[in-house]
There are 2 protein chains.
Amino acid sequence: MPIEMPIGPALPALVVDRSSPVPLYFQLAQHLERAIDQGQLPPDTMLANEIQLAGQLGLSRPTVRRAMQYLVDKGLLVRRRGVGTRVVQPRVRRPLQLTSLHDDLLAGGRLPRTRVLSNVVEPAKPDIAQVLALPSGTPVISLVRLRSADGRPIARLTNHLLGDLPDARSLTTQALEQHGLYALLRAAGVVLHAAHQSIGARPATLAEARLLDETKGAALLTMSRLTFDERGRAVEYGTHVYVASRYSFELSLLNG
Amino acid sequence: MPIEMPIGPALPALVVDRSSPVPLYFQLAQHLERAIDQGQLPPDTMLANEIQLAGQLGLSRPTVRRAMQYLVDKGLLVRRRGVGTRVVQPRVRRPLQLTSLHDDLLAGGRLPRTRVLSNVVEPAKPDIAQVLALPSGTPVISLVRLRSADGRPIARLTNHLLGDLPDARSLTTQALEQHGLYALLRAAGVVLHAAHQSIGARPATLAEARLLDETKGAALLTMSRLTFDERGRAVEYGTHVYVASRYSFELSLLNG
DNA sequence: TAGTGGTCTAGACCACCGA
DNA sequence: CGGTGGTCTAGACCACTAA
């Protein structure tokens, strides 16, 4: 059986800051998450029960429950009625925001470089207008970028964005060559809430092969993504191709 | 502005069943979800506020809040402090369980067929043992299936499962030709909790081309998936190849 | 049987939004 | 300013698990 000592006092004392604007449940959740990350709560550790924890921390039981539920959703804890709460083994976290190739490469310790091949505002072509649910001819930002890592091309990224975004100005070619598109959008206050993705594959055309430093017919991964803001409005549509020999998609899934 | 009439009385009356084992918050959530699905609460509709709703339904405010939070997580509602709760536009739902090719094909209105090419229990080869975190040589179930839809091959599915699953018996060749693997596992009480996936692409070998009714060098999608149960134990490892000309992965993502 | 998490209640105060 | 959702509390009862 995966039994371990119950825990509570062994944790570094948490002093909740009731004057902070950060919610108490979130302070507790961060505290536990840090303890798990740093190995103070190794996998399979049983946590003290809610009542004890609440008493030790000077919080109410619902507040403690909320912190725990947050970590369960994130994949760090498992709870079973009649049994208790345990720290989970391998660590499959629900990603907190939409993945970005730029950030993924950075996180993987690779050095991403971006060359902007095209950056214009133009009337939406009929197919793009339809996907974004716009009247045909509405101005949209059209973007083509070549993304490389460690000196070799990885992907050609094609994006179409709503022209009336509050931040259209900030998408300069220079900014785009130094940051990921999603990071720029977030920094400008655009909240990306949900997305539809479709991932496929096909052989490279001659032009693609040349651009991507591959041979004609090499396998390319294709990904198209339609992104929505919190109002459910389509904000961005991207159609990208990736060099399959140098890139693959890594995903983590959690059951609800 | 996306304004609509406040709602509440216009809903078909909900009678909560306090004797049911189904939690009250969930009864309410299902009721609202059905109303949204059936168009009684069209997109952009403002809901009545929590206090009113609680009063009308004879529930407490926390219970109503919990139902709403559930629907927010599912992508059906959007809430803003000081403003209210609105039904969301397009409908990007968080999938409720790990996707299964068999079920995806069924849901897409296609007719999946499965041929079991191999179904044996054997000592784990070193690479498989390492991925599943088992001692080398531990018995594992090895499975190879050919999945077709509408009469044409779609994918070759290769799986390795822990040999000591409670349901190893139920994975008969006959059962596997009629149901998806995940459905069989769930039916046998195995709770799949999380997974790591990696999606890539490569050209088909000659043998793969023959099996999959394609030409050598055709683009194949590859997907490997390591699945964990609720204890965080690796339970299943699959390495699959899909005919890219007839299949693509569709995903929905929600920000946390 | 004792202990756990799951659900539910009736209050309270606050931060934020729009008029 | 009034109204909204966000947070927090201190109880209560229940279903499930394990010994």
Side-chain angles (χ1 to χ4, degrees), chain A residues 1-8 14 16-30 32 45-73 77-88 189 191 230-231 256, chain B residues 1-4 6-8 16-30 32 45-73 77-88 189 191 230-231 256:
Chain A
M1 303 288 289
I3 310 179
E4 298 253 339
M5 308 257 326
I7 279 273
L14 167 61
V16 298
D17 177 0
R18 301 192 97 93
S19 71
S20 161
V22 178
L24 300 182
Y25 81 89
F26 196 72
Q27 292 184 38
L28 173 55
Q30 284 186 313
L32 290 173
T45 308
M46 282 297 246
L47 261 55
N49 71 49
E50 298 171 346
I51 315 277
Q52 286 179 27
L53 226 41
Q56 291 172 24
L57 299 169
L59 297 173
S60 70
R61 187 183 165 206
T63 301
V64 171
R65 275 187 67 75
R66 187 159 177 189
M68 297 210 158
Q69 192 53 54
Y70 174 85
L71 294 175
V72 169
D73 290 343
L77 297 179
V78 175
R79 323 193 71 189
R80 292 214 294 175
R81 175 164 21 187
V83 180
T85 303
R86 225 180 27 257
V87 177
V88 134
V191 179
E230 51 183 355
R231 288 185 168 75
Chain B
M1 306 289 290
I3 311 179
E4 298 254 340
I7 278 273
V16 297
D17 178 359
R18 301 192 96 92
S19 72
S20 160
V22 179
L24 301 183
Y25 81 89
F26 196 73
Q27 293 184 37
L28 173 54
Q30 284 186 314
L32 289 173
T45 307
M46 282 299 251
L47 261 56
N49 71 49
E50 299 170 344
I51 313 278
Q52 287 180 27
L53 226 42
Q56 291 172 25
L57 300 169
L59 297 172
S60 70
R61 187 183 163 204
T63 301
V64 172
R65 274 187 68 75
R66 185 160 179 188
M68 297 208 160
Q69 192 53 53
Y70 175 84
L71 295 176
V72 168
D73 289 343
L77 297 180
V78 175
R79 324 194 69 189
R80 293 212 297 178
R81 171 155 37 174
V83 179
T85 303
R86 226 182 24 258
V87 177
V88 133
V191 179
E230 50 182 357
R231 287 185 168 74

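Reminder, nothing fancy here: chain letters follow the sequence lines and each chain counts from 1.
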Using whole Å, report how far [atom1] of [X] lies from [atom2] of [N].
X	N	atom1	atom2	value
B:Tyr25	C:dG6	OH	P	10 Å
B:Gln69	C:dG6	CD	C1'	17 Å
A:Leu24	D:dA10	CG	P	12 Å
B:Leu28	C:dT7	CG	C1'	14 Å
B:Arg86	C:dC17	CZ	P	14 Å
A:Ile51	D:dG11	CD1	P	11 Å
A:Phe26	C:dC14	CZ	C1'	19 Å
A:Arg80	C:dG5	CZ	P	12 Å

[X] side, atom [atom1]; [Y] side, atom [atom2] - distance, nearest 0.5 Å:
X	Y	atom1	atom2	value
A:Gln27	A:Thr63	CD	OG1	11.0 Å
A:Thr85	A:Leu53	OG1	CG	8.5 Å
B:Leu59	B:Arg65	CG	CZ	14.5 Å

May I ask you to verify if any side-chain N or O of [X] is less than 4.0 angstrom from the OP1 or OP2 atom of [N]?
X	N	value
B:Arg18	C:dT9	yes
A:Thr63	D:dT7	no
A:Arg65	C:dG6	yes
B:Thr85	D:dG5	yes
B:Asn49	D:dG3	no

Within the structure provided, determine whether [X] and [Y] are in side-chain contact (heavy-atom separation under 4.5 Å).
X	Y	value
B:Val83	B:Met46	yes
A:Val87	A:Leu77	yes
A:Gln30	A:Phe26	yes
B:Leu28	B:Val64	yes

**Message:** Ignoring hydrogens and geometry beyond distance, is the side chain of B:Arg61 in donor-acceptor contact with the base of D:dG6 at under 3.5 Å?
**Reply:** yes

**Asked** Hey, does the side-chain of B:Arg66 have a donor or acceptor N/O within less than 3.5 Å of a partner on the base of C:dG6?
**Response** no

**Request:** Looking at every strand, decide which applies to A:Pro23 at a 4.0 Å heavy-atom threshold: base, sugar-phosphate, or nothing.
**Result:** sugar-phosphate

**Prompt:** Could you write out DNA chain C as a dot-bracket string, with dots for unpaired bases, | for bases paired across to another strand, and Watson-Crick or G-U pairs counted at under 3.5 Å?
**Reply:** ||||||||||||||||||.

**Message:** Going by salt bridge (Lys or Arg N to Asp or Glu O under 4.0 Å), name the pairs with one or both residues in residues 51-64 of chain A, residues two or more places apart or in two chains.
**Reply:** A:Glu50-A:Arg61

**Per A:Gln52 side chain, nearest of listed nucleotides D:dG5, C:dT4, D:dA10** = C:dT4

**Message:** Looking only at the side chain of A:Arg81 (C-beta and beyond, no hydrogens), which of the listed nucleotides D:dT4, D:dA15, C:dA10 gets closest?
**Reply:** D:dA15

